Amino acid sequence: MRIIRYVNDRNQKQLAAVSIDNIVFDLPYSDFMAIVYHAREQGKSTLQVVSDLVSKIESKKQLEEVNLTTPIDAPEVWAAGVTYEKSKEARNYEATQGKLDSNTFYDKVYDAERPEIFFKSTAARTVGPNDPVYLRSDSNWQIPEPELGLVIDSEGAVLGYIAGNDMSCRDIEGENPLYLPQAKIWKNSCSIGPAILLKEAVEDPYQLKIICRIYRNDEKLFDGEAKVGQLKRTLNELIGYLIRDNAIFDGTVLLTGTCVVPPNEFTLSDGDQIEVEISDIGILQNPVRLASATVSVS
Ligand code: DO4
Ligand code: MG
């Protein structure tokens with residue numbers, strides 16, 4: 001069972017459940033955390049509460065008919081980096097202009113006990129399905145990073161799984177790792193959606209498959225896939241470091257790193273379309289636009 005939000009005829013955000021056959025059932029809750037809190041009060045799982053409600057609702061509404069928005073207003077999005085070998089190789093390439101020295105920061109963090117965890121986004125910077133993600137005007141090497149996101153509560157308990165795009169500037173980070181916040185954070189640099197797959201509905205998250213496709217002028221330029229099972233670390237290990245002596249809020253999203261990287265010569269362009277698909281969650285689609293066309297600096 002998945003949880004979505006869509007914009008209804010009255011221009012309001014409507015929370016809904018989506019069954020395996022893509023039927024949409026409106027839910028009488030203001031947001032995702034409200035179902036979680038209600039289920040806890042009842043001593044039930046979120047999946048049980050949603051399944052009970054859905055069994056009493058008649059619906060013919062199809063997922064493809066609704067205007068999707070972010071399934072949750074995540075107060076913060078954090079991200080883990082260099083958690084897959086592919087990411088380590090790509091970071092080494094951009095930091096060494098392809099000379100691939102050994103013992104870089106990235107080699108060290110890949111093997112270290114402490115993972116790389118960084119702040120990625122706030123609710124105001126985070127977009128959802130079909131919203132544009134932006135390109136920075138001061139970077140010539142930008143890519144999407146398709147990642148599994150964990151929706152967690154303030155104690156670090158996993159509530160569900162979501163797809164995420166950690167938009168990244170390879171040239172800015174490659175120039176100097178201290179530029180990481182600028183390589184990672186700007187307006188519309190993070191997308192999440194299209195649904196939250198409830199934790200109880202997933203037997204083994206390491207079996208989930210992550211796919212990324214990039215289209216330009218309706219032509220597919222890139223298509224790559226990986227499995228969460230290729231992660232160097234466990235999901236709990238990443239959460240453990242995120243919440244350690246930290247204030248984390250209910251509904252926070254932790255992106256768990258990328259394992260699908262377009263070829264080194266590829267950079268995104270205005271007008272491209274990005275798809276991040278995670279099995280059983282769905283396809284997160286975003287068009288690409290220039291940030292400079294929309295952001296005014298005073
Ligand atoms: O060190 C940079 C971050 C890498 C990252 O975002 C990833 O591996 O997904
Ligand atoms: Mg990333």
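Each ligand, and each atom within it, is numbered from 1 in the order the structure gives. These figures come from a predicted structure and were not determined experimentally.
Glu145 OE1, 3.3 Å is the protein heavy atom nearest to atom 5 (C) of ligand 1. Remark: minimum distance from atom 8 (O) of ligand 1 to any protein heavy atom is reached at Ser87 OG, 2.6 Å. Protein heavy atom closest to atom 2 (C) of ligand 1, with residue, atom name and distance, is Glu173 OE2, 3.0 Å. Taking atom 4 (C) of ligand 1 as the reference point, the nearest protein heavy-atom neighbour is Gly81 CA, 3.7 Å.
With 3.5 Å as the limit, one finds a donor-acceptor pair spanning the side chains of Thr126 and Ser121. Counted by atom type alone, Tyr6 and Asp26 present one or more donor-acceptor pairs between their side chains at under 3.5 Å. With hydrogens and angles left out, the side-chain atoms of Thr70 and Arg5 include a donor and acceptor closer than 3.5 Å.
The contact set between ligand 1 and Asp166, taken as ligand atoms under 4.0 Å from a residue heavy atom, comprises 6 (O). Of all atoms in ligand 1, listed by their number and element, those nearer than 4.0 Å to a heavy atom of Gly257 are 9 (O). Heavy-atom contacts of Phe118 reach the following atoms of ligand 1: 3 (C), 6 (O) (cutoff under 4.0 Å). Those atoms of ligand 1 with a heavy atom of Glu147 less than 4.0 angstrom away are 9 (O).
Using a 4.0 Å cut-off between a side-chain N of Lys or Arg and a carboxylate O of Asp or Glu, Asp272 and Arg289 do not qualify as a salt bridge. In this structure, Glu277 does not pair ionically with Lys209, as no charged nitrogen and carboxylate oxygen lie closer than 4.0 Å. Here Arg2 does not pair with Asp280 in a salt bridge; the nearest charged N to carboxylate O distance is not below 4.0 Å.
Cation-pi check for Arg40 over Tyr37 is not met; the charged atom does not lie both under 6.0 angstrom from the ring centroid and within 45 degrees of its normal. Lys120 forms a cation-pi arrangement with Trp186, by the criterion of a distance under 6.0 Å to the ring centre and an angle within 45° of the ring axis.
Distances shorter than 4.0 angstrom occur between a heavy atom of Leu180 and an atom of ligand 1. Note on ligand 1: Lys88 sits outside its first shell, no heavy atom being nearer than 4.0 Å. Residue contacts with ligand 1 include Tyr106, since one or more of its heavy atoms lies under 4.0 Å from the ligand.
Proximity of a side-chain donor or acceptor of Glu41 to a complementary backbone N or O of His38 within less than 3.5 Å is not detected. At distances below 3.5 Å, at least one donor-acceptor pair connects side-chain atoms of Gln48 with backbone N or O atoms of Ser45.
Of the polar atoms of Val82, at least one N or O is found under 3.5 Å from an N or O of ligand 1, judged by distance alone.
Of all protein N/O/S atoms, those under 2.8 Å from the Mg ion (ligand 2) are Glu145 OE1, Glu147 OE2, Asp166 OD2, and waters are not counted.
Aromatic ring orientation, Trp141 versus Tyr93: perpendicular (interplanar angle above 60°, classes split at 30° and 60°).
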